[in-house]
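So that the names make sense, note that chain A is the first sequence line, chain B the second, and so on, each numbered from 1. Just so it is clear, the model here is predicted, and its values are computed rather than measured.
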Amino acid sequence: MSNIYDTLNPMQQEAVFTTEGPVLVLAGAGSGKTRALTHRIAYLIEEKGVAPWNILAITFTNKAAGEMRERVDRLVEFGADAIWVSTFHSMCVRILRRDAEYLGYDRNFTIYDADDQKVLMRQVMKKLDLDPKMYKEKTLLGVISTQKNELVTPEEFYTMASGDYRRMRMADAYQEYQAQLRKNNAFDFDDLIMKTVELLQHNAEVRGRYQDRFQYIMVDEYQDTNTAQFRLVSLLAGRYKNLCVVGDDDQSIYKFRGANIGNILNFEQIYPEAKVIKLEQNYRSTQNILDVANAVIANNEGRKDKKLWTANEKGEAVRYAQYDTAYDEAGAIVRAIRKANEDGLALKDCAVLYRTNAQSRLLEEKCIQYNIPYRLVGGVNFYQRKEIKDMLAYLKTIYSGQDDLAVQRIINIPKRGIGATSISKVAGYAADYDMSFFEALDCAGDVPGLGKASQKINSFVRLIHMYRSKLEFKCTVSELIRDVLETSGYEQELLKEDELEAQSRRENLEELINKAVHYENTAEESTLGGFLEEVALVADIDSMDDSEDRLTLMTLHGAKGLEFAKVYLAGLEDGLFPGSAAVNSEDPDEMEEERRLFYVGVTRAKKELTLTCARLRMVNGENRYSRRSRFLDEIPPQMVEDGKKRSGDGAGYGRSGYEGGSSYGGGYSGGYHSGYSSGGYGGGTHGRDRYQADIFELESRHDRGQVSPGYKAPQYGGFGKLPDSGVKLGKDFSVTKESQLDYQVGDRVRHMKFGLGTVTEIKEQKRDFEVAVEFDNYGLKRMYASFAKLKKV
DNA sequence: GGGCCTCAAGTTTTT
DNA sequence: CTTGAGGCCC
């Protein structure tokens, strides 16, 4: 009876059997590294008698973690669920949930996502009086993130910035930002790692506990780790040193978000006793495809020497085609895929990969035109959608009310007549008395100057309390969501919006409920807190549904780790791929990273690979001519077949009249756009095509990433074409112009915010009085009487 | 408070 | 060309 390890090749076996001490597995694309990793875990448990709870396997995405757990489950007899298979972030959350008190944080902290960070940063900038023209919040957040990835504290950042005024101000922002996070009992994603490192570094007891627990540690995609993650892993492995890292330096493509390729390149320097194992046999692609990959990546200087080989057949030739316009390119690609599909290849086995998300547009248009169902990966994350964030803010508020940002987000959603002024009053009061925003709301009666708003605030607080008590009566998370939707007035408010928009939002909320139900069915103990946590760490891509047969469109970054029988790399033009930043950069590393990205793209293909580019492309609204990508020139000419010389494949189509006149015959100056909108492509189906294009146009704003052309056709009652009559259902907004003002020029008046002032001018306009007031402390202001609510003194 | 318009900006992205 | 954010207006 053979055992499960017999199916592995000798190098894979070595990776599996070398269990003690540091191990570096250099795993080329498609070399079966996940297989090696899962078998290694099985081997540790079954053959070496290691307790499952002494094993830790770390990945970057939930998807990878889930897949690995599933595969381990199948290999290991029992106890597999005691293995920690987790992402860096969820592992840190688990540690912090238990031990955050040592850092002075409460254990039920919340996690801030990119949106929360932005809101917080805006507050920080206001407080520090940072000119938004000089310092953009995006830049500041970027700088802070970089520091955290490098484990630089605000104090250290000050020291490093010494003298440089701009850097000092950034340090101010970093420090204040941290103070605010701390106050809100929140961590951002980078904090999760950095604070865990801090915890382990400063607390020997805690460190010892985890070091003892994790006797065998494995890290996947090691080339993507940043400095903080590297330190975290070193700390955890500090006692037993049984650390096995798996990665491919040639697939390091995340430098821009902090990944430090040095972690993998210098592993042997850091652990001199490390065993290095190379997995170079590729099981995925044909030899022809690998030849191209090897030829290009060989041009990189900073890499470990290795060369992929395969026992697979030579396969089809790799093809190349240059088109006149990006429009032609997209059309030819989609038609070729349609042809392949007609010949029996499933759409889900095809992918078009590109460098930037903007390139997806043209491809989408063509897919719609040719009725090819597609799946667009990338774009707006499900959990970043407004309605989802709103609902989650409700849940967070019901859960703990400690998260000021969440409470402030929903206090006036749906509209409750609690405006910015009231909010800032309450926030000021909360700051004065050192309480959370929600606590301050709870005693709104004591907050000075709230007036009528305090009534409204009270009913909001009561609403939240009501949900809380329902939760105690064993109402599930999904029931709670439904309840909030129906009783908070959120659903009704949705109905007032544009029909399509409302529908899309409701679908997304239904999807959230589905996720809640799924959570209830899978979690051991389902709690609101648990659900929020799961959701906070889940990215959209994890829920990518690959059951439907659709063509995949995505960026090269998104494609890492995936494989398709037939792959198109589109837009291979200098300035686009490699991007202009890399072309113009002094730093040669940038070009190397682009080249690695190219390598990643090429190695996604199993059977067929086509490389395409266009002479003319619309970029940022202007036509741009480009020469073909330098990476194409790095491929020996005999390795590719120029598609233009053949007829019958991708490039040939363009000439055979399929395009219907707009692209080839008529030159390109604007021809394709007008060609598209005037429906000039012959055939009897274009009416339908245009109809779908309209749906796409309208839906795409809210539904990027989930577009489903040709799949659900919503009742098309001519919506988008109706002139907006201005009759917004139920909405009656009119300025109530007072017939007369109780003050006149020269009078002293009081304003809610600006205090005392003197009226200098009153102008009567169509619907309102415009009043100018010279305030004692704020200078001259002009305002409308109906909003200013000025009181004569 | 909120709709509408102008203007600037515009790789890659997970958690 | 497209999108988002801020300014303006009623």
Side-chain angles (χ1 to χ4, degrees), chain A residues 59-65 86-93 111-114 117-118 122 132-133 136-138 145 187-193 221 224-226 229 253-259 353-359 361-362 377-381 383-384 412 415 417-421 533-542 554-561 571 575-583 590 593-594 596-597 600-601 617-624 670 673 697 700-701 704 724 726 728 731 733-737 765-770 782-787:
Chain A
T59 64
F60 271 85
T61 64
N62 292 298
K63 191 181 173 214
S86 116
T87 65
F88 271 105
H89 295 269
S90 58
M91 171 182 76
C92 289
V93 170
I111 300 163
Y112 276 9
D113 68 11
Q117 289 180 284
K118 260 178 153 173
R122 253 174 251 144
K133 289 212 175 75
K136 277 180 272 175
E137 76 222 18
K138 219 176 119 195
S145 175
F187 294 111
D188 64 20
F189 285 120
D190 297 320
D191 273 345
L192 293 175
I193 315 285
E221 304 281 9
D224 289 336
T225 52
N226 61 36
Q229 288 159 338
I253 54 174
Y254 284 113
K255 186 183 172 182
F256 70 91
R257 71 178 196 211
L353 310 179
Y354 38 80
R355 180 67 236 267
T356 67
N357 280 310
Q359 290 169 255
R361 273 232 130 71
L362 243 34
V377 182
V380 180
N381 194 321
Y383 288 102
Q384 269 165 253
N412 203 30
K415 311 249 156 45
I418 306 170
T421 346
E533 177 143 329
E534 186 161 299
V535 150
L537 292 174
V538 165
D540 209 14
I541 202 160
D542 299 333
M554 65 175 144
T555 64
L556 287 144
H557 283 91
K560 200 171 75 155
L576 185 62
F577 187 29
S580 54
V583 171
E590 289 213 32
E593 177 129 331
E594 296 280 314
R596 290 193 289 267
L597 196 52
V600 166
R617 180 183 301 273
M618 183 87 87
V619 178
N620 295 151
E622 55 188 23
N623 282 328
R624 202 161 76 186
H673 280 297
E697 280 305 318
S700 61
R701 248 161 272 151
R704 301 272 299 176
D724 188 353
K728 289 274 182 189
K731 203 158 252 183
F733 184 77
S734 58
V735 178
T736 44
K737 178 179 170 184
Q765 297 199 344
K766 283 155 276 171
R767 296 174 137 190
D768 202 356
F769 292 101
E770 184 191 298
R782 289 180 180 279
M783 58 197 75
Y784 287 92
S786 55
F787 295 111

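Spacing between C/dT3 and B/dT14 at atom C1', rounded to whole Å, works out to 23 Å.
In this structure, A/E590 has no salt bridge (Lys or Arg N to Asp or Glu O under 4.0 Å) partners at least two apart in sequence or on a different chain. Take A/E534 and apply the side chain to side chain contact (heavy atoms under 4.5 Å, CB included) test, not counting sequence neighbours, and it matches A/Y519, A/V538. Every residue two or more places apart in sequence or in another chain that forms a ring pair (Phe, Tyr, Trp, His ring centres under 6.0 Å) with A/F60 is listed here: A/F88. Take A/V619 and apply the side chain to side chain contact (heavy atoms under 4.5 Å, CB included) test, not counting sequence neighbours, and it matches A/R617, A/R624. In this structure A/D190 satisfies the salt bridge (Lys or Arg N to Asp or Glu O under 4.0 Å) test with no other residue, sequence neighbours excluded.
Remark: A/E137 engages A/R122 in a salt bridge, criterion side-chain N to carboxylate O under 4.0 Å.
Look at B/dT12: its glycosidic torsion is beyond 90° from 0, and that puts it in the anti range.
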Check your understanding: Which nucleotides of nucleotides 6-13 of chain B have their base under 4.0 Å from a protein heavy atom (B), which only their sugar-phosphate (S), and which neither (-), written as one string 5' to 3'?
Key -> ----BBBB

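The distance between atom CD of A/E534 and atom P of B/dT14, rounded to the nearest whole Å, is 18 Å. If you take CG of A/L362 and P of C/dC1, they are 14 Å apart, rounded to a whole angstrom.
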